[in-house]
Student: 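Here it is: the structure, laid out below.
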Amino acid sequence: MILQRPRGTRDFLPAEAWRRSVARKAMESILVRWGYQEIATPTFEHLELFTMKSGQSVIDEIYSFKDKGGRDLALRPELTAPVMRMYVSELQNAPRPQRLYYFGNCFRYERPQKGRFREFWQLGAELIGGSRPDSEAEVIALADQTLRSVNVVGEIHVGYLGLIRSIMDRIGAEHRPTVMRMIDKKEREALAEFLDDIGANHLGLLDLIDLKGKDALDKAVEIARDLGAGRAQESASTAGASAGSSEMAGRASARTGRSVSAELRIDEFRETVELLEAYGVDFTTDFEIVRGLEYYSGTVFEIYAEGLGAQRQICGGGTYELASLFGGKETSSTGFGLGFDRIMEIVQIEDERKPPVFLAFTPDVKVDAAKIAKKLRQKVPVVLDVMGRGLGAQLKAAGSAGAQFVIILGRNELDNGKLTLRNMLTGEQESLTMAQIEDTLNERLSCL
RNA sequence: GCCGGGAUAGGGUAGUGGUUAUCCUGAGGGACUGUGGAUCCCUCGAGCUGGGUUCGAAUCCCGGUCCCGGCCCCA
């Protein structure tokens, strides 16, 4: 009562820690099978890493502090930026593509509720530097498979930001944030009105976000074609304008470059969709997927699951351009992050922990018990009483701990070189040598 | 950041201004110093926190903390 956990944090008792470990291993085995290698980055980074391009909503929620040297630091709110920072500083000359995955805690100052915590864990993967449709399809299929490894089947929505951003270019810059917000918040009526007011209703935006699946894709191709007309002089002028300053060039080119070639990219998006079908991924094309992190540039996707209340999203990802922002060569990457805690809320994993074998001994042979326990531990998990209990109490303790086997060691056993193995479920006891006990326990414990 | 519901032994709970706060479970010990989960006995252990109202507060009021649901945002 005196010391409480900080708000939004959790303790994991053995049963829950075990479940999390099982789920994590199952998902990691899929990532490894697809050729992804685990990496880890620091829990805190320079604040700047996250403020550069994470989007205001993330920045507002950041846990930041000054260290004793006056540096501005932040607990990581997500892992994509740190991974890309690492890539730029350490892996730029490694062969591409790089397939990386990570599992780590992240921190956001938010209002905790079901499936949302201030310290939470993400399991994610990044495919750095691959060609677009192939990478995108691989990453989305991988996210799907990873979830399936723990029997979670989500609803996958795949969208394409390149097109939306191209349409935005046709809307006055002062109106773009409003429109994006309305799309994101699904304020359909208000959006229709607003587009009318600013004379942008001819762009097909409303139809685009209303349509899902195949129809949405067809509409997207049509819009991209319309946008292509009369683009030439426009792109020439924007490209010229951004060609000056060196520091801003990367960011500016990432934006305009993307929108200028939107009609080409829609073909790539269509290829991504075809590849996804080849992978057998069950998904919906949905241009309403916008995503809050501003570094996403192309295909974006989200996965939703049932049983989580308001926090339905268990995965988010897409194609982004971060390497150039961190001073590296322009490198296209695709990745995803899974909300591990949300997955744990809906995953069905039984607690199948096996209690260890108890070595119960009489006080006069304590030293021998320690020696024997040490030897047995090479093959089987063994615990010794440390409470100074009598033999009866040790049996009782073993019983309440759920032990299936107890090895009994006393003067009699020492003298005739055999230990007593008691099966706590049946009450049967047999007198066996060390080797026999090891074999028996190995066999019995593994098949239980 | 906003709206609403909560907080009583380690876990789960009852009570609703009035002596020693209910029950289940748990933990420790004993009956049983070489054989356990049963039984019996004993013991331990609680009204989130800080104010206020009152002769008297776990109970009523206010602030804070934390939890839960929703909004927002996200994973």
Student: Under 4.0 Å between a side-chain N/O of A:R108 and OP1 or OP2 of B:rC74, yes or no?
Tutor: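 No.
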
Student: On the nucleotide B:rC68, are OP1 or OP2 found under 4.0 Å from the side-chain N or O atoms that A:R116 carries?
Tutor: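 It does not, given that no N or O in the side chain of A:R116 lies less than 4.0 Å from OP1 or OP2 of B:rC68.
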
Student: From the options B:rC71, B:rG34, B:rA75, select the nucleotide whose nearest atom is closest to the side chain of A:E110.
Tutor: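 Given the options B:rC71, B:rG34, B:rA75, the side chain of A:E110 is closest to B:rA75.
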
Student: Does B:rC67 have OP1 or OP2 under 4.0 Å away from a side-chain N or O of A:Q113?
Tutor: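 No, A:Q113 has no side-chain N/O under 4.0 Å of OP1/OP2 on B:rC67.
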
Student: Does A:D341 reach a base, just sugar-phosphate, or nothing at all? Heavy atoms under 4.0 Å.
Tutor: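 The residue A:D341 makes no contact with any strand.
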
Student: Considering every strand shown, what is the Watson-Crick or G-U wobble mate of B:rU59 when both distances are under 3.5 Å?
Tutor: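 Per the H-bond distance test, none.
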
Student: Does OP1 or OP2 of B:rA75 have a side-chain N or O of A:Q313 closer than 4.0 Å?
Tutor: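 Affirmative; the distance criterion is met.
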
Student: B:rA75 base stacked by A:F340? Criteria: ring centres under 5.5 Å, plane angle under 30°.
Tutor: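 Not stacked: fails the 5.5 Å / 30° test.
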
Student: Work out how far the P atom of B:rC44 is from that of B:rG52, and round it to whole angstrom.
Tutor: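 That atom pair is separated by 33 Å.
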
Student: Counting side-chain heavy atoms from C-beta on, which of B:rU35, B:rA75, B:rG70 comes nearest to A:F120?
Tutor: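 My answer, after comparing the listed nucleotides, is B:rA75.
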
Student: So what's B:rU16 paired with, Watson-Crick or G-U wobble, going by both distances under 3.5 Å?
Tutor: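 In the structure as shown, B:rU16 has no Watson-Crick or wobble partner.
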
Student: My understanding is that a pair needs two contacts under 3.5 Å, Watson-Crick or G-U wobble. By that rule, which nucleotide pairs with B:rA27?
Tutor: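 Its partner is B:rU43 (Watson-Crick or G-U wobble, both distances under 3.5 Å).
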
Student: Rounding to an integer number of angstrom, what distance separates B:rG63 and B:rU25 when you compare their C1' atoms?
Tutor: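 The answer is 36 Å between these two C1' atoms.
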
Student: Would you indicate what A:Q394 reaches in the nucleic acid, counting non-hydrogen atoms under 4.0 angstrom: base, sugar-phosphate, or nothing?
Tutor: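 Counting heavy atoms under 4.0 Å across all strands, no contact is made by A:Q394.
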
Student: Should B:rU53 form a Watson-Crick or G-U wobble pair with both distances under 3.5 Å, which nucleotide is its partner?
Tutor: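 Because no pair has both required distances under 3.5 Å, B:rU53 counts as unpaired.
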
Student: A:R389 side chain: which of B:rG29, B:rG37, B:rC68 is closest?
Tutor: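 When the side chain of A:R389 is considered, B:rG29 is the closest of B:rG29, B:rG37, B:rC68.
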
Student: With a 4.0 Å cut-off on heavy atoms, is A:G8 in touch with a base, just the backbone sugar-phosphate, or nothing at all?
Tutor: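 Counting heavy atoms under 4.0 Å across all strands, the contact made by A:G8 is with sugar-phosphate only.
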
